[in-house]
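Everything below concerns the one structure shown next.
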Amino acid sequence: MTIYDSVQKTKREFIPQEKGKVSLYVCGPTVYDDAHLGHAKSALVFDLLTKVLKANGYDVTYARNITDIDDKIIKKANEANKSIKEITDFYTSAYDTEMGKLGVLRPNLEPKATESLEAMFELIQKLLDNNHAYKTADGDVYFDTSSDSQYLKLSHRVQNEDEKRQRVESSSQKKNSADFALWKSVKDGTISFPSPFGDGRPGWHLECSAMIEKHLAKPDTKFAVDIHGGGADLLFPHHENEAAQTRCGTSHVLANYWMHNGFVNIDGEKMSKSLGNSFFLKDALKIYDGEVLRFYLLGTHYRSNFNFNEEDLAASKKRLDKIYRLKKRLFGLSNENVQTPFKDELLKALSDDLNISASLALIDEMISHVNEMLDTAGKHKELKRDTLSNLAYIEEILGFGVKNPFEYFQFGVDEETKAKIDTLIKKRDEAKKAKDFAASDKIRDEILAFGVILMDTAQGTFWERV
RNA sequence: GGUGCCAUCGCCAAGUGGUAAGGCCGCAGCCUGCAAAGCUGCUAUCCCCAGUUCAAAUCUGGGUGGCACCUCCA
């Protein structure tokens with residue numbers, strides 16, 4: 001398997017530290033608001049990665065953190081006159097529910113900042129002991145970037161001298177402009193946590209390093225984790241700072257491989273609060289089936305920037321429909337789980353840095369070939385057996401085609417309408433039997449008014465939502 | 001201003017030295033009472049210029065045009 005390492009900027013053969021085992025850490029959400037499509041993309045990408053790693057025989061330990069200490073959370077809690085726990089529980093639960101609808105499996109570990117404070121204290125103390133951190137008169141603790149010769153190597157950045165000077169002047173007690181807070185002292189009575197360094201709140205970058213050390217790192221390995229992932233924007237400063245903390249405060253290098261997913265834009269513009277164009281996942285799920293969103297968002301390579309628009313989504317849905325139509329053709333037959341060349345090719349494509357386009361092309365070609373064969377006379381016993389196995393593999397490794405195919409095509413149609421449609425179809429069948437095609441076509445138009453199209457097959461008349 | 005990424009058919013999108021995958025849309029046909037679905041066939045020489053090479057979408061240099069990060073952000 002190969003992975004594009006966004007720090008070394010090259011595709012590398014993936015070799016875990018411990019044979020057969022992979023540790024993966026991904027920066028998860030700060031739970032102060034609803035998840036948007038960008039969160040969905042990230043969760044989907046790393047969900048796919050874990051599935052492909054598992055299909056390659058690896059035992060994967062996947063951790064994705066929940067940031068539940070944050071100034072934005074506190075602000076929201078104060079505004080709503082609620083506790084931060086009420087806020088974070090609400091959004092954490094919503095996140096899990098919504099990602100579940102996209103077919104994202106829960107990671108093995110979902111550590112929370114509030115439950116990792118001890119690990120953070122330990123790391124801060126180490127950094128103080130090693131002279132990589134310092135306390136200010138205000139009671140803050142900062143990481144001393146000048147003490148780390150490797151600083152900025154991760155994100156390949158060069159520091160501008162002018163900028164350096166300016167920032168130091170404006171912000172009082174830091175030694176260097178790039179220094180970042182490990183612990184922020186709180187004296188104004190707002191929400192804080194007790195610590196050996198006084199009451200305060202942890203710096204954002206700190207929690208990931210501390211959690212990784214606590215949950216994933218092993219004492220005798222060079223790297224704390226095999227793979228570290230997150231959104232492309234996190235490379236600097238977040239991952240740069242994480243890496244510095246771990247390098248200077250533990251015996252580990254933070255990660256062997258770095259993976260960064262591209263951004264989701266909406267109709268060509270970056271999602272942002274100020275533009276008012278955030279597309280929340282909960283709203284998207286009201287309009288689109290979760291699996292359609294999964295298919296669409298995963299349909300473009302994870303490193304590319306993704307431009308969300310409804311036309312592309314509709315085209316994408318048609319592609320997923322083809323998987324389900326084939327499932328309809330084979331409905332009721334059971335899978336014997338045999339090995340096929342298709343499976344090998346699919347895994348090979350996905351193992352090449354998650355080459356989804358090549359994978360989808362393989363799927364389309366497989367479907368097309370099977371349909372062609374099924375259109376000819378014969379029982380096609382082996383073909384059906386292999387195809388069922390192939391479809392099951394697509395479900396397992398990509399999460400496409402997991403639903404009942406008839407229900408899939410009826411997304412968003414309520415029970416009352418379904419009953420009406422069934423009644424109309426029966427009436428139409430009678431008209432068809434009597435060769436009264438005028439009446440039959442009239443009923444078809446009536447059904448079309450519900451946004452539903454009919455398909456007459458040898459097995460009877462089926463319907464799909466347009 | 002600094003750093004970096006990208007530019008392939010109307011649209012989405014693979015391919016990183018050996019002569020352009022796949023999907024959507026479109027056109028023609030098969031099938032169908034008619035449709036829908038399915039199937040078959042047709043549709044690009046890869047932003048521009050120069051260079052390296054027997055050979056370049058793929059490498060190098062120079063343009064042009066997008067985008068991202070440099071502040072919280074998936």
Side-chain angles (χ1 to χ4, degrees), chain A residues 6 9 11 26-30 32-33 35-46 64 67 70-72 152 155-163 167 178 204 229-238 240 260-265 268-273 278 295-296 299-307 309 311-322 324-326 328-329 349 352 355-376 409 432 435-438 440-441 444-445 448 452-458 461-464 466:
Chain A
S6 43
K9 299 189 185 190
K11 239 188 228 182
V26 174
C27 294
T30 300
Y32 73 100
D33 202 354
H36 58 226
L37 293 174
H39 294 104
K41 172 87 183 178
S42 181
L44 283 165
V45 164
F46 292 103
R64 185 183 61 205
T67 300
D70 180 88
D71 288 354
K72 288 192 283 287
L152 298 181
S155 55
H156 307 285
R157 221 159 267 273
V158 284
Q159 208 174 9
N160 183 316
E161 288 298 320
D162 295 339
E163 202 180 327
R167 295 252 190 103
W204 172 47
D233 57 327
L234 296 181
L235 179 55
F236 186 85
H238 185 53
E240 185 71 60
H260 290 95
N261 64 274
F263 258 52
V264 177
N265 296 329
E269 285 194 312
K270 183 178 172 173
M271 265 187 276
S272 77
K273 289 241 164 104
S278 291
F295 190 90
Y296 176 46
T300 296
H301 189 77
Y302 76 92
R303 278 189 278 124
S304 305
N305 281 330
F306 188 95
N307 188 36
N309 68 72
E311 293 72 36
D312 292 348
L313 185 144
S316 191
K317 179 184 181 299
K318 288 190 175 184
R319 209 171 183 180
L320 178 60
D321 287 352
K322 300 202 302 186
Y324 274 107
R325 294 227 172 80
L326 183 57
K328 270 168 117 175
R329 275 187 103 157
D352 177 17
N355 189 334
I356 191 71
S357 290
S359 308
L360 294 180
L362 284 169
I363 292 172
D364 285 324
E365 282 161 2
M366 184 275 287
I367 290 173
S368 195
H369 174 251
V370 172
N371 276 323
E372 187 186 355
M373 297 309 290
L374 292 178
D375 281 350
T376 65
F409 284 112
K432 276 179 65 181
K435 305 268 184 205
D436 184 355
F437 296 122
S440 151
D441 289 350
R444 185 161 62 197
D445 289 342
L448 186 62
V452 164
I453 53 163
L454 297 181
M455 300 168 155
D456 296 326
T457 76
T461 299
F462 298 122
W463 62 269
E464 292 182 2
V466 179

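A, B, ... follow the sequence lines: proteins, then strands. Residue 1 opens every chain. Because only heavy atoms are used, hydrogens play no part in the values below, and waters and symmetry mates are left out as well, while side chains stay in.
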Does NZ or CZ of Arg64(A) lie under 6.0 Å from the centre of the six-membered ring of Phe46(A), at an angle within 45° of the ring axis?
-> no
Rounded P spacing from A57(B) to G4(B) in Å = 27 Å
Length of the line joining Asp456(A):CG and U32(B):P, which is rounded to integer Å = 13 Å
Identify whether any heavy atom of Val45(A) sits under 4.0 Å from a base atom; if not, whether one sits that close to sugar-phosphate; answer base, sugar-phosphate or nothing.
-> nothing
Rounded distance in Å between the C1' positions of C27(B) and G65(B) | 33 Å
Side-chain N or O of Lys270(A) less than 4.0 angstrom from OP1 or OP2 on C69(B)?
-> yes
Please state the C1' separation for the pair A13(B) and A21(B) - nearest whole angstrom.
-> 10 Å
What distance, rounded to whole Å, do you find between the two C1' atoms, one in C69(B) and one in A74(B)?
-> 14 Å
Looking only at heavy atoms, what is the nearest atom pair of Ser316(A) and Tyr296(A), with distance?
-> OG-CA, 3.4 Å
Which residues satisfy the salt bridge (charged side-chain N to carboxylate O under 4.0 Å, His left out) test with Asp233(A), sequence neighbours excluded?
-> none
Please measure how far the P atom in A14(B) lies from the corresponding atom in U8(B), and state the result in whole Å.
-> 10 Å
Is there a donor and acceptor pair, one atom on the side chain of Arg329(A) and one on the base of A37(B), closer than 3.5 Å?
-> no
Kindly say whether, by distance alone, the side chain of Arg444(A) makes a donor-acceptor pair under 3.5 Å with the base of C34(B)?
-> yes
Student check: side-chain heavy atoms of Phe295(A) and Leu360(A) closer than 4.5 Å = yes
Could you pull out the closest heavy-atom pair between Ser42(A) and Val26(A), with the gap in Å?
-> OG-CG1, 4.5 Å
Side-chain touch Lys432(A)/Asp456(A), heavy atoms, less than 4.5 angstrom = yes
Kindly state whether the pair Phe263(A) / A68(B) counts as stacked, where counting means centroids closer than 5.5 Å and planes tilted less than 30° apart.
-> no
Could you run through nucleotides 13-26 of chain B and give me one letter per nucleotide, 5' to 3': B if any protein heavy atom sits under 4.0 Å from the base, S if only the sugar-phosphate is that close, - if neither?
-> SSS-----BBSSS-
